[in-house]
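The structure displayed is predicted, hence computed values, not measured ones. The chain is numbered in sequence order, starting from 1.
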Amino acid sequence: MIAFLRPIISWILVNTLYFGGIITAIISIAKKAEWALYLAVALIPQPNVYHKLYSFPYGKDFIDMLIIAVFIGIFVNKKGFSKSDNSVIVLIFLIVSYISVWNVSLNFGLPTPITRESQVLVIWKSYCVMIFTYFLTVSAIKDEKQQKQLVVIMTLVVLYVAVKSFRNFTAGASFVDESRDAGPFWVAGLGSNHYGAFIAYCFSFILGLFLLDKDRKRKWLYLAALIFSLHPLFFTFSRGAYLAAFSVLAVYGLLKDRRLLVAVVILVLLWQVVLPTSVVERIQMTESGTGELESSAAARLMLWNSAMDMFHEYPIFGSGFKGFTVAHISEHWSDTHNFYLKTLCEQGLIGTFLLLLIFLGALRSGWKLFRGGTSQFQRGLGLGFIGCAIAHAITNVFGDRFSYYEMGTYFWVFWGLTDRGILLMKSAKQQATQVENSVPVVTGKAMLEIPRRKRV
């Protein structure tokens, strides 16, 4: 019976999503720009869901349709785009990346990047939309209530994805590379390392909120997401994700809760005892018993040397966006397995400098809101984004966890929420200052001029 009903239920849900998305886009343009943003953000990390819409008319452009609806709605019902402290640097970063698309086209004789004939431009378009969600979030989300709504939606998505991984994936007693959990990202051609990095930075963000947000219902939601996220965090077997999560625990222990430092000490001393056997085996695989690097680590070193050779050839502007992949296509090398080296060889010193400014700007935003937020929720956003930025920066040492649309978008949405919090904080301070200045202070000579009542 269940087998009979499953395709019918799936058909109903997919059709509801498609036509409901169209209605949501229309409402977003006319009245509620944030609605289409909510739906887009819910779908982006779930390619296994939105790929089912590809059979519908313009189904492949479904999320683009939602993004466009948010863009138009911001002008129609949000009074235009808001400017944050980081708007300029993010915009420059985006523009330089497009210039890099022209650079790779000129260096390797590729089609001019102005039409879909340029495959590099098609890839860059998704990269651009990912970063552009920062501006959409800052501008479409106007108050704390909407911030909370978007946070709840994103936490529910992380919880759903983690629960689904928990139900569908069974880890063996020992580590087997073919059995690693890739979550929903396998549909988009991404692997377990990408999924592990996504879980690591989302886990960090949610943990920051859990430590400070006082709302009981949201706290239970955060806790459920954190508990279930441990499963994919462990069983993606991503050593970069392990290091990121461990580092964030240490930072949170120093900034907020010293009990987390106890957990860090326990992990340092007893990790071979408290962690699952398969995870321990994965960590120990970095070197063999003779001290030689295992195959994946050794391959990374070879790729890194090749990236440095390319950087020496194109030191200032780099070889261009996706230049490493284009130059090594005959060798079937698609990535440097280190995003910083990838940026160095593809966008040179200029692009690498801008990338570092992006991460520094993200940390600065988190710190500002953590220290000066007007509510515990706002401070939790700030702390969570500090951890998110640290985890994202660390996982990119081990591969490109930055430029893929499906797994990278939440970083920019988290940043947009954080910078909207900073704008709310500044607005509250300005209002308090105005109220303070508007209250007349009666002192000195003015007191003498106050008329006295005559005695009767």
> Is it true that H194 and F198 have ring centroids separated by less than 6.0 Å?
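They do not qualify: ring centres at least 6.0 Å apart.
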
> Could you tabulate the donor-acceptor pairs under 3.5 Å formed by side-chain atoms of residues 121-140, not counting sequence neighbours?
{"residue": "W124", "atom": "NE1", "partner": "S97", "partner atom": "OG", "Å": "2.9"}
{"residue": "K125", "atom": "NZ", "partner": "D64", "partner atom": "OD2", "Å": "2.8"}
{"residue": "T133", "atom": "OG1", "partner": "M130", "partner atom": "O", "Å": "2.4"}
{"residue": "Y134", "atom": "OH", "partner": "S84", "partner atom": "OG", "Å": "2.5"}
{"residue": "Y134", "atom": "OH", "partner": "D419", "partner atom": "OD2", "Å": "2.5"}
{"residue": "T137", "atom": "OG1", "partner": "T133", "partner atom": "O", "Å": "2.7"}
{"residue": "S139", "atom": "OG", "partner": "S82", "partner atom": "N", "Å": "2.9"}
{"residue": "S139", "atom": "OG", "partner": "F135", "partner atom": "O", "Å": "3.0"}

> Atom CG in L383, atom OG1 in T418: separation rounded to 0.5 Å?
10.5 Å

> Between D85 and K368, is there a salt bridge with N-O shorter than 4.0 Å?
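Yes, charged N to carboxylate O under 4.0 Å.
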
> Between atom OH of Y410 and atom SG of C202, what is the distance when rounded to the nearest 0.5 Å?
7.0 Å

> Are side-chain N/O atoms of D309 and S306 paired as donor and acceptor at under 3.5 Å?
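No, S306 and D309 have no side-chain donor paired with an acceptor closer than 3.5 Å.
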
> State plainly whether the residues K219 and D213 are in salt-bridge range, i.e. N to O under 4.0 Å.
no

> Name the one of F414, F210, F411 that satisfies ring-ring contact (aromatic ring centres under 6.0 Å, His included) with F205?
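Between F205 and the candidates, ring-ring contact (aromatic ring centres under 6.0 Å, His included) is satisfied uniquely by F414.
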
> Are side-chain N/O atoms of Y195 and S165 paired as donor and acceptor at under 3.5 Å?
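Checked: Y195/S165 side chains pair up, N/O donor to acceptor below 3.5 Å.
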
> Give every residue pair that meets the side chain to side chain donor-acceptor pair (under 3.5 Å) criterion with at least one member in residues 18-35, sequence neighbours excluded.
E34-K78, E34-Q146

> Got a second to check how far D181's CG is from S192's OG, nearest 0.5 Å?
8.0 Å

> Can you give the donor-acceptor pairs under 3.5 Å from side chains of residues 384-397 to other protein atoms, not counting sequence neighbours?
{"residue": "T395", "atom": "OG1", "partner": "A391", "partner atom": "O", "Å": "3.1"}
{"residue": "T395", "atom": "OG1", "partner": "H392", "partner atom": "O", "Å": "3.1"}
{"residue": "N396", "atom": "OD1", "partner": "R401", "partner atom": "N", "Å": "2.9"}
{"residue": "N396", "atom": "OD1", "partner": "F402", "partner atom": "N", "Å": "3.1"}
{"residue": "N396", "atom": "ND2", "partner": "H392", "partner atom": "O", "Å": "2.6"}

> Is the centre of the F56 ring less than 6.0 Å from the centre of the Y58 ring?
no

